[in-house]
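Right, one structure below, let's go through it.
Note that this is a predicted model, so its numbers are computed, not measured. The analysis underlying the following values was restricted to heavy atoms, covering all of them including side chains, and did not include hydrogens, waters or symmetry mates.
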Amino acid sequence: MYIGDYLGRREIYSPEKLAIIDYGKSPALRLTFRQFNQRANRLANWLRSQAGVQKGDRIAILARDGVEHLDCFHACSKLGAVHTALNWRLHWREILGLIENTTPKVLLYSDDFKPAVLELQQNLAGKPFAVQHYIHLEGEGAPDSLLFQDVLDASPADPVRCESLDAEDTACLLFTGGTTGLPKGAMISHRMICWNVLNTVVHDITHNDIYLNVFPLFHTGGLFTYLSSQVIFGNTTLLVRQFDPALLLELIEKEQVTV
């Protein structure tokens, strides 16, 4: 079983319980676990039917924090594809190198990074590792790019599952600098994520915790350390677009944050 299975499991918790509050949206986007799961299914169905994504294919995201990171991660899990989270602090030439190494079929991106995406499109044109589909999360997007909400709206919420998925299959690529200073892709398996959840639950998370994430979601601290445990427990997670001390203090009081 992969972590995405938990989104739709009625015996674990009520599907109508609040899963995500995304304060990067205006107004804040509030999603139940049922809605959260439906979004992941819709994206997974589009990726499979329109982008031809299969098990082992990479899907990249270059974006500020938001529920779209989680949509992408869980959609990839349902397909057996590999969520590939790009560090938006990198120069576009560094990102180009990562794309060459990982050959993602699809790139999701925030409007903040449209200039970088335009450079990528120009420099990837005609290359065998060129991205085939671009999806912008907001704004007008680059040429031939699709709006994320349109992708969701055009796809069914039918359940998606990769029957051949194994616990040792790679769920995610997260990039980290090494001795050479160049980003290297750490291959995070489904089993590793489950053990991370267990270790977090043992010493920290309890049922009914409300978690406010302040870490970038291209980092393991943001994507996994507490957030994945919250999904398993059926708890609520708050997201903010980026770290803002005044906003965080307001949300801790308003939403009764415990972690």
Side-chain angles (χ1 to χ4, degrees), residues 3-4 6-7 13-43 60-77 83 85-89 108-114 135-141 147-153 172 174 197 200 204-259:
I3 189 172
Y6 285 85
L7 290 183
Y13 44 72
S14 169
E16 305 311 323
K17 188 172 180 181
L18 192 60
I20 300 293
I21 309 176
D22 187 348
Y23 271 95
K25 309 292 188 293
S26 184
L29 178 64
R30 294 174 177 263
L31 297 170
T32 65
F33 277 93
R34 185 189 302 279
Q35 293 167 328
F36 188 18
N37 188 45
Q38 288 173 342
R39 288 171 63 98
N41 281 331
R42 289 183 187 278
L43 181 57
I61 182 167
L62 178 68
R64 303 283 185 186
D65 281 6
V67 69
E68 296 87 357
H69 276 269
L70 310 183
D71 296 331
C72 184
F73 170 71
H74 288 291
C76 285
S77 293
H83 178 78
L86 302 173
N87 183 342
W88 44 257
R89 296 190 180 104
L108 286 67
Y109 63 96
S110 294
D111 192 58
D112 309 44
F113 310 114
K114 179 180 174 180
I135 301 176
H136 53 286
L137 306 187
E138 68 277 301
E140 295 184 1
L147 181 63
F148 185 81
Q149 188 60 51
D150 289 346
V151 166
L152 295 187
D153 292 342
C172 178
L174 297 177
V197 168
T200 304
D204 253 348
I205 295 294
T206 63
H207 288 288
N208 300 315
D209 269 318
I210 298 175
Y211 169 54
L212 172 55
N213 176 65
V214 299
F215 301 111
L217 290 173
F218 61 73
H219 189 278
T220 183
L223 191 57
F224 297 130
T225 303
Y226 289 99
L227 209 161
S228 53
S229 303
Q230 289 289 91
V231 172
I232 297 298
F233 270 33
N235 291 344
T236 302
T237 295
L238 278 66
L239 302 176
V240 291
R241 192 167 176 83
Q242 61 189 44
F243 185 80
D244 180 337
L247 176 60
L248 299 187
L249 290 172
E250 176 187 336
L251 294 182
I252 288 170
E253 181 177 7
K254 178 179 179 181
E255 300 290 352
Q256 298 297 294
V257 170
T258 61
V259 180

Is the side chain of [X] donor-acceptor paired with the backbone N or O of [Y] at a distance under 3.5 Å, no angle test?
{"X": "Asp65", "Y": "Leu217", "value": "yes"}
{"X": "Thr225", "Y": "Thr200", "value": "no"}
{"X": "Thr32", "Y": "Leu18", "value": "no"}
{"X": "Ser229", "Y": "Ile205", "value": "no"}
{"X": "Ser228", "Y": "Val197", "value": "no"}
{"X": "Gln230", "Y": "Thr236", "value": "yes"}
{"X": "Asn37", "Y": "Arg34", "value": "no"}

Heavy-atom pair with the smallest gap, counting every atom of [X] and [Y]:
{"X": "Cys72", "Y": "His83", "answer": "SG-ND1, 3.4 Å"}
{"X": "Leu70", "Y": "Leu223", "answer": "CD2-CD1, 4.0 Å"}
{"X": "Val257", "Y": "Leu238", "answer": "CG2-CD2, 4.1 Å"}
{"X": "Lys17", "Y": "Asn208", "answer": "NZ-OD1, 3.4 Å"}
{"X": "Leu31", "Y": "Arg39", "answer": "CD1-CD, 3.7 Å"}
{"X": "Phe218", "Y": "Ala85", "answer": "CA-CB, 3.7 Å"}

How long is the gap from [atom1] on [X] to [atom2] on [Y], to the nearest 0.5 Å?
{"X": "Thr237", "Y": "Leu227", "atom1": "OG1", "atom2": "CG", "value": "4.5 Å"}
{"X": "Phe215", "Y": "Phe243", "atom1": "CZ", "atom2": "CZ", "value": "10.0 Å"}
{"X": "Ile252", "Y": "Leu249", "atom1": "CD1", "atom2": "CG", "value": "5.5 Å"}
{"X": "Leu248", "Y": "Tyr23", "atom1": "CG", "atom2": "OH", "value": "12.0 Å"}
{"X": "Asp71", "Y": "Leu152", "atom1": "CG", "atom2": "CG", "value": "6.5 Å"}

**Report entry** Working for salt bridge (charged side-chain N to carboxylate O under 4.0 Å, His left out), residues Asp112 and Arg241
**Finding:** CA-CA 11 Å; Asp112 309 44; Arg241 192 167 176 83; 2.4 Å; yes
Requested in this report: Decide yes or no on ring pair (Phe, Tyr, Trp, His ring centres under 6.0 Å) for Phe73 and Phe224, but give the supporting numbers first.
Outcome: CA-CA 11 Å; Phe73 170 71; Phe224 297 130; 5.5 Å; yes
Side chain to side chain, [X] and [Y], heavy atoms closer than 4.5 Å:
{"X": "Thr258", "Y": "Tyr211", "result": "no"}
{"X": "Leu174", "Y": "Asn87", "result": "no"}
{"X": "Glu68", "Y": "Phe148", "result": "yes"}

**Report entry** side chain to side chain contact (heavy atoms under 4.5 Å, CB included) between Ile21 and Leu29, worked out
**Finding:** CA-CA 6 Å; Ile21 309 176; Leu29 178 64; over 6 Å; no
**Report entry** Full working for side chain to side chain contact (heavy atoms under 4.5 Å, CB included) between Tyr109 and Arg64
**Finding:** CA-CA 8 Å; Tyr109 63 96; Arg64 303 283 185 186; over 6 Å; no
Requested in this report: Just do the side chain to side chain contact (heavy atoms under 4.5 Å, CB included) check on Leu108 and Leu137 with the steps written out, would you?
Outcome: CA-CA 7 Å; Leu108 286 67; Leu137 306 187; 4.3 Å; yes
Query raised in the report: Ion pair present between Asp22 and Lys25, side-chain N to carboxylate O less than 4.0 angstrom?
Result: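 Salt bridge: yes.
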Query raised in the report: Salt-bridged, Glu255 to Arg30, with N to O below 4.0 Å?
Result: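 Answer for the salt bridge query: yes.
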Requested in this report: Give me the ring orientation class for Trp88 and Phe113: parallel if the planes are under 30° apart, tilted from 30 to 60°, perpendicular past 60°.
Outcome: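 Parallel, since the angle between the ring planes stays under 30°.
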Report task. Hey, can you tell me if Phe36 and His74 have their rings parallel, tilted or perpendicular (30° and 60° cut-offs)? Result ->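 Ring orientation, 0 to 90° scale: perpendicular.
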Query raised in the report: Given the rule in the side chain to side chain contact (heavy atoms under 4.5 Å, CB included) test, do His136 and Leu147 qualify, once you have shown the distances and angles that lead to the verdict?
Result: CA-CA 5 Å; His136 53 286; Leu147 181 63; 3.7 Å; yes
